[in-house]
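Per chain, numbering begins at 1; letters A, B, ... match sequence-line order.
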Amino acid sequence: MSRSVIVGASSSWARALLSISPYTFSAIGIAIAIGISVLGAAWGIYITGSSLIGAAIKAPRITSKNLISVIFCEAVAIYGVIVAIILQTKLESVPASQLYAPESLRAGYAIFASGIIVGFANLVCGLCVGIIGSSCALSDAQNSSLFVKILVIEIFGSALGLFGVIVGIIMSAQATWPSKTV
Amino acid sequence: MYGFEAMTFNIHGGYLEAIVRGHRAGLLTAADYNNLCQCETLDDIKMHLSATEYGPYLQNEPSPLHTTTIVEKCTLKLVDEYKHMMCQATEPLSTFLEYITYGHMIDNVVLIVTGTLHERDVQELLEKCHPLGMFDSIATLAVAQNMRELYRLVLVDTPLAPYFSECITSEDLDDMNIEIMRNTLYKAYLEDFYRFCKKLGGATAEIMSDLLAFEADRRAVNITINSIGTELTRDDRRKLYSSFGLLYPYGHEELAVCEDIDQVRGVLEKYPPYQSIFSKLSYGESQMLDKAFYEEEVKRLCLAFEQQFHYGVFFAYMRLREQEIRNLMWISECVAQNQKSRVHDSVVFIF
């Protein structure tokens with residue numbers, strides 16, 4: 001194991017962190033990417049959904065139109081799935097001697113950070129879209145001309161998650177593992 | 001946490017909030033009122049109402065309609081909606097909804113007690129009670145001779161019991177005592193409701209404390225105006241004011257010593273939100289004050305719907321419906337008694 005490049009004191013947090021396998025980091029990153037994204041999506045869907053079914057009792061016309069808010073929330077989960085798949089394709093096996101090489105560590109951290117970025121960006125995006133979707137359902141029930149206007153706001157909200165996905169993918173492109181021949 | 005209700009409010013409240021907003025869309029609009037004001041007979045009113053949400057409740061009524069029937073059916077609709085919401089509600093919303101009815105409960109107690117005092121038939125009185133303020137033992141109220149018995153026999157089992165602690169005396173009931181009792185109860189009720197809303201926190205606390213403060217101030221002004229020229233002392237008068245609101249505490253000190261309506265006006269004009277109410281009235285006029293306050297209240301209640309994720313909408317909706325029923329009652333009475341010129345005197349347009 002070549003840990004000579006970055007060395008922590010024999011008992012310190014830095015050292016403990018360095019001793020965590022890059023594969024662990026990668027796996028946690030992937031788990032966060034999909035798990036937190038789905039949490040955000042689910043959160044948004046219940047906020048929208050509960051208002052939507054209530055408002056649809058007096059104004060049934062709004063249901064099919066406002067399903068789009070639910071779909072926007074759902075898209076957030078799909079972002080998470082896509083990024084998780086991209087991240088897991090980045091995983092490569094390296095010889096045991098190369099496991100703690102700087103390049104391996106960098107790959108592990110890159111995948112970890114990418115997962116966190118995507119996960120939390122999608123969490124807040126799902127919340128944002130959910131709350132706007134709920135208001136959208138309520139105001140559409142009162143006045144149908146408001147639907148398109150609020151939909152525009154909702155689209156801007158759902159773009160937030162996309163930013164996270166873009167940065168996450170660029171970030172994970174940094175992840176290259178040491179070649180097996182060395 | 002203020003501003004973060006949006007994240008968790010909908011777990012319990014989202015569905016009902018959407019429903020109550022749906023109900024609000026069914027309130028009569030200015031166009032409806034214009035049509036209703038044109039009516040010549042009560043059957044015309046029924047016809048106009050049949051196109052609104054009141055339709056199903058009125059359609060099976062036989063033709064010689066009475067004002068009371070219309071009001072009864074409209075109230076029935078409100079009660080049905082309330083019961084439906086109550087069934088769906090979870091804590092703390094169900095407690096909040098219960099609080100809304102306590103005001104009617106107080107009114108019913110006072111109605112029955114005053115009625116018995118004047119030897120009216122209990123059954124007849126029970127029919128006049130507001131259905132939202134009913135409780136199981138209400139019919140037995142008639143047996144009570146003084147405040148202590150009233151409390152011990154009947155009210156101890158009702159939610160009003162804690163409010164009674166301040167007005168238990170062994171004095172016999174008379175008109176003055178009953179009126180003081182009503183106001184003491186109402187004061188305790190408003191303060192309790194206010195504390196409860198403050199405890200809920202967030203947007204509910206903000207909006208409800210505003211609405212309740214207005215209610216408390218309006219009651220303070222009404223108490224002052226009604227007690228001018230009676231034997232109620234200044235200290236007793238001040239005891240009836242609720243301990244919150246815009247007028248608390250300095251306004252109350254000034255109101256307590258008012259001797260006529262123009263002095264009341266002088267006190268209230270120091271408070272910018274109430275200035276606009278009085279600017280519409282000419283000096284020495286108090287009949288129109290009620291309407292001016294109702295108009296202001298309706299305006300504030302409508303504003304409660306501008307914000308989402310709070311319980312104020314339930315309170316606002318119930319109050320707006322009650323105002324609407326008062327309007328319908330007034331319009332029907334005017335039509336029934338051929339006083340159509342006075343129809344605009346007391347109707348408060350909601351939108």
Side-chain angles (χ1 to χ4, degrees), chain A residues 36 38-67 69-70 72-73 76 120 122-147 149-150 153-154 157 160-161, chain B residues 1-29 31 52-56 77-78 80-81 83-90 93 97 202-203 302-314 316-317 320-321 350-351:
Chain A
I36 304 285
V38 169
L39 175 69
W43 203 330
I45 288 174
Y46 95 68
I47 295 177
T48 304
S50 54
S51 287
L52 178 55
I53 50 173
I57 290 175
K58 281 290 157 95
R61 68 186 158 76
I62 68 163
T63 29
S64 40
K65 256 203 280 178
N66 276 273
L67 270 184
S69 306
V70 178
F72 271 129
C73 292
V76 163
F120 285 94
N122 282 341
L123 172 69
V124 291
C125 170
L127 271 173
C128 169
V129 175
I131 292 168
I132 301 173
S134 151
S135 307
C136 182
L138 293 181
S139 34
D140 187 18
Q142 299 283 327
N143 180 355
S144 53
S145 70
L146 291 172
F147 177 72
K149 293 167 192 170
I150 299 182
I153 305 174
E154 215 170 318
L160 295 178
Chain B
M1 194 166 36
Y2 185 75
F4 285 82
E5 308 81 350
M7 294 187 189
T8 50
F9 181 88
N10 274 14
I11 299 175
H12 292 297
Y15 175 67
L16 271 184
E17 193 199 1
I19 284 188
V20 85
R21 281 171 191 272
H23 286 324
R24 172 204 174 269
L27 288 169
L28 299 181
T29 58
T52 66
E53 294 201 341
Y54 291 115
K77 175 179 152 53
L78 176 64
D80 282 352
E81 286 169 354
K83 283 186 178 150
H84 175 234
M85 292 195 287
M86 198 66 192
C87 290
Q88 300 278 341
T90 50
L93 179 57
L97 287 174
C302 287
L303 286 178
F305 284 93
E306 304 288 306
Q307 204 170 336
Q308 212 190 329
F309 307 118
H310 65 91
Y311 291 154
V313 286
F314 297 96
Y317 172 70
L320 286 176
R321 262 287 185 232
I350 292 182
F351 297 117

Undergrad: Minimum heavy-atom separation for A/L138 and B/Q308, please, with both atom names.
TA: CD1-NE2, 3.2 Å

Undergrad: To the nearest 0.5 Å, what is the distance between NE2 (B/H12) and OG (A/S50)?
TA: 11.0 Å

Undergrad: List the atom of A/A55, the atom of B/A18, and the distance in Å for their closest heavy-atom pair.
TA: N-CB, 3.2 Å

Undergrad: Heavy-atom distances under 4.5 Å only: say whether B/Q88 touches chain A with side chain, backbone, both or neither.
TA: neither

Undergrad: For residues B/I11 and A/Y46, report the shortest heavy-atom separation together with the two atoms involved.
TA: CG1-OH, 3.1 Å

Undergrad: So, for B/I19 and A/G54, which heavy atoms are closest and what is the spacing to 0.1 Å?
TA: CG1-O, 3.9 Å

Undergrad: Show the nearest heavy-atom pair for residues A/I47 and B/A6, with the distance to one decimal.
TA: CD1-O, 3.7 Å

Undergrad: So for B/L16, is it side chain, backbone, both, or neither that comes closer than 4.5 Å to the heavy atoms of chain A?
TA: neither

Undergrad: Considering only heavy atoms, which portion of A/L127 lies under 4.5 Å from any heavy atom of chain B: side chain, backbone, both, or neither?
TA: side chain

Undergrad: Please name the pair of heavy atoms, one in A/Q142 and one in B/R21, separated by the smallest distance, quoted to 0.1 Å.
TA: NE2-O, 2.7 Å

Undergrad: Quick one: what part of A/S139 sits under 4.5 Å from any heavy atom of chain B, side chain, backbone, both or neither?
TA: neither

Undergrad: Does any backbone or side-chain atom of A/I57 lie under 4.5 Å from a heavy atom of chain B? Answer side chain, backbone, both or neither.
TA: side chain

Undergrad: Side chain, backbone, both or neither: which part of B/F9 has an atom under 4.5 Å from a heavy atom of chain A?
TA: neither

Undergrad: Which of the residues A/G130, A/A141, A/A59, A/S135 is involved in the greatest number of heavy-atom pairs with chain B at under 4.5 angstrom?
TA: A/S135

